[in-house]
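Numbers restart at 1 for each chain; the letters A, B, ... are given by sequence-line order, proteins then strands.
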Number of protein chains: 2
Amino acid sequence: MNRHEAAGEQPIRTAFAVGDDLELDLIELLFFAYRDFTSDPDQILSVDGFGRAHHRVLHFVNRMPGLTVAELLDVLKITKQSLARVLKQLIDTGHIVQVQGPKDRRQRELYPTAKGRELAFALALPQSRRIRAALRETGEDRREVIGRFLKAMVDPELRAQIDRLPDSRSSERDGEPSDD
Amino acid sequence: MNRHEAAGEQPIRTAFAVGDDLELDLIELLFFAYRDFTSDPDQILSVDGFGRAHHRVLHFVNRMPGLTVAELLDVLKITKQSLARVLKQLIDTGHIVQVQGPKDRRQRELYPTAKGRELAFALALPQSRRIRAALRETGEDRREVIGRFLKAMVDPELRAQIDRLPDSRSSERDGEPSDD
DNA sequence: GAGATATGTCAACAAGGCTGACCCATTTTG
DNA sequence: CAAAATGGGTCAGCCTTGTTGACATATCTC
């Protein structure tokens with residue numbers, strides 16, 4: 001009760017890093033922004049008994065239809081066993097289907113069903129609304145700046161992955177693989 | 001019949017939302033950026049056997065020295081029981097001390113020790129470096145735009161909390177707070 | 001003194017990460 | 001062709017961090 005202030009454990013009462021060169025504002029802002037950003041879909045997901053993990057899987061399967069399990073693992077950076085748990089549920093509930101790879105029959109290409117596409121859309125909607133509202137407050141023309149900043153926050157080695165995502169406002173993916 | 005392509009479950013092969021008004025780019029960027037942003041501290045934390053929860057507690061105790069348990073709960077938006085677990089560890093390891101509230105002796109004011117301040121600093125450093133590197137890539141003058149955007153992403157009711165955090169950089173010690 | 005409040009704590013449970021071990025089918029290689 | 005490597009699935013168990021619900025204790029307020 002009163003012993004916690006013992007030797008060497010003096011409380012520091014001064015504010016953190018008033019003059020230090022730490023980006024405390026942006027660190028905290030990132031924390032709060034991301035927390036609320038993910039809270040919208042969480043509501044919808046809880047209806048189906050899904051969680052954030054399902055959301056991510058569903059999102060990327062919709063975004064890159066036909067990607068293989070290995071590719072998905074590489075995007076999400078989680079283990080096969082972690083993925084299996086949620087992927088199985090999404091398949092069992094008819095949100096995602098697997099198709100045997102045409103070239104390599106060991107592979108399983110993942111595609112959304114109509115149901116899965118719908119859910120992914122429903123999940124992306126409130127997030128998109130939040131983003132657009134924020135952009136409106138920031139100045140609509142800042143979209144590109146924000147995007148550049150966020151991308152620059154990503155580990156350089158991983159940015160290639162982002163570039164491989166289809167441009168959300170143009171072509172699709174399912175055409176021809178560029179090499180063989 | 002165990003093929004998952006059974007009736008009504010046709011795979012959709014077209015890319016997600018080619019023309020839909022969804023902010024897919026920014027949604028994904030936020031995901032990747034936040035993931036890598038939190039990965040730096042995770043490494044350091046694993047040394048002490050701590051996790052992300054400890055990080056958040058330590059951060060805000062350093063940022064608002066003397067805040068009470070109730071105030072901390074309100075910032076983190078978790079339950080008392082969740083907080084208790086990690087807070088206890090931080091106290092036992094001498095990173096945080098509790099001081100009985102001077103006015104209301106039921107309260108426990110939380111302060112970092114020198115050790116706790118050090119760790120918080122070590123955790124904030126790589127994140128700050130990442131942010132500064134990203135700002136450099138984006139255009140150093142964009143800091144304010146980025147900050148405005150992130151703040152606008154936060155639920156409006158919760159923005160007041162952010163305003164109550166001490167301004168980490170330029171002083172408002174010599175006058176009025178400079179609007180947001 | 002009674003009741004509200006701030007905090008602590010016990011117990012149980014869930015989600016979603018992880019590791020390790022193994023299996024099966026298929027492709028690649030020697 | 002046989003053997004090894006690869007893509008994928010699964011079982012089992014562990015960890016962290018969130019959740020509820022129920023109480024205990026000290027202290028403040030009326």
Please report, to 0.1 Å, the donor-acceptor pairs under 3.5 Å made by any side chain of residues 82-89 of chain A, with sequence neighbours excluded.
from: A:Ser82; atom 1: OG; to: A:Thr79; atom 2: OG1; distance (Å): 3.3
from: A:Gln89; atom 1: OE1; to: A:His54; atom 2: NE2; distance (Å): 3.1

Given atom [atom1] of [X] and atom [atom2] of [N], what is their separation to the nearest angstrom?
| X | N | atom1 | atom2 | value |
| --- | --- | --- | --- | --- |
| A:Leu87 | C:dG17 | CG | C1' | 16 Å |
| A:Arg56 | C:dG16 | CZ | P | 8 Å |
| B:Leu83 | D:dT19 | CG | C1' | 14 Å |
| A:Lys88 | D:dG8 | NZ | P | 17 Å |
| B:Gln98 | D:dT27 | CD | P | 14 Å |
| B:Arg108 | C:dT9 | CZ | P | 10 Å |
| A:Asp74 | D:dG8 | CG | C1' | 15 Å |
| A:Leu90 | D:dG9 | CG | C1' | 16 Å |

Ionic contact status for B:Lys151 with B:Asp163, cut-off 4.0 Å: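 Looking at B:Lys151 together with B:Asp163, the answer is yes, because their closest N to O distance falls below 4.0 Å.
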
Please list, chain by chain and in numerical order, all residues satisfying salt bridge (Lys or Arg N to Asp or Glu O under 4.0 Å) with [X], sequence neighbours excluded.
| X | answer |
| --- | --- |
| A:Asp104 | A:Arg106 |
| A:Glu109 | none |
| A:Glu118 | none |
| A:Asp36 | none |

What pairs meet the salt bridge (Lys or Arg N to Asp or Glu O under 4.0 Å) rule with one or both residues in residues 42-58 of chain A, with sequence neighbours excluded? A:Asp42-A:Arg52

Classify the nucleic acid contact of A:His55 as base, sugar-phosphate or nothing, counting any heavy atom under 4.0 Å across all strands shown.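 Nothing, no heavy atom under 4.0 Å.
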
Phosphate-side-chain proximity, B:His54 and D:dT17, N/O vs OP1/OP2 below 4.0 Å: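 Yes.
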
For nucleotides 18-27 of chain C, 5' to 3', base contacts (B), sugar-phosphate-only contacts (S) and non-contacts (-) with protein non-hydrogen atoms under 4.0 Å give BBBB---BBS

So which pairs with a foot in residues 56-75 of chain A pass ring-ring contact (aromatic ring centres under 6.0 Å, His included), sequence neighbours left out? A:Phe60-B:Phe31, A:Phe60-B:Phe32

Of residues 29-47 of chain B, the positions that come close to DNA chain D - non-hydrogen atoms, cut-off under 4.0 Å: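 Hits under 4.0 Å, by residue number: none.
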
Please confirm whether A:Arg130 makes a cation-pi placement over A:Phe37, using NZ or CZ under 6.0 Å from the six-membered ring centre and within 45° of the ring normal.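 Ring-cation test returns no.
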
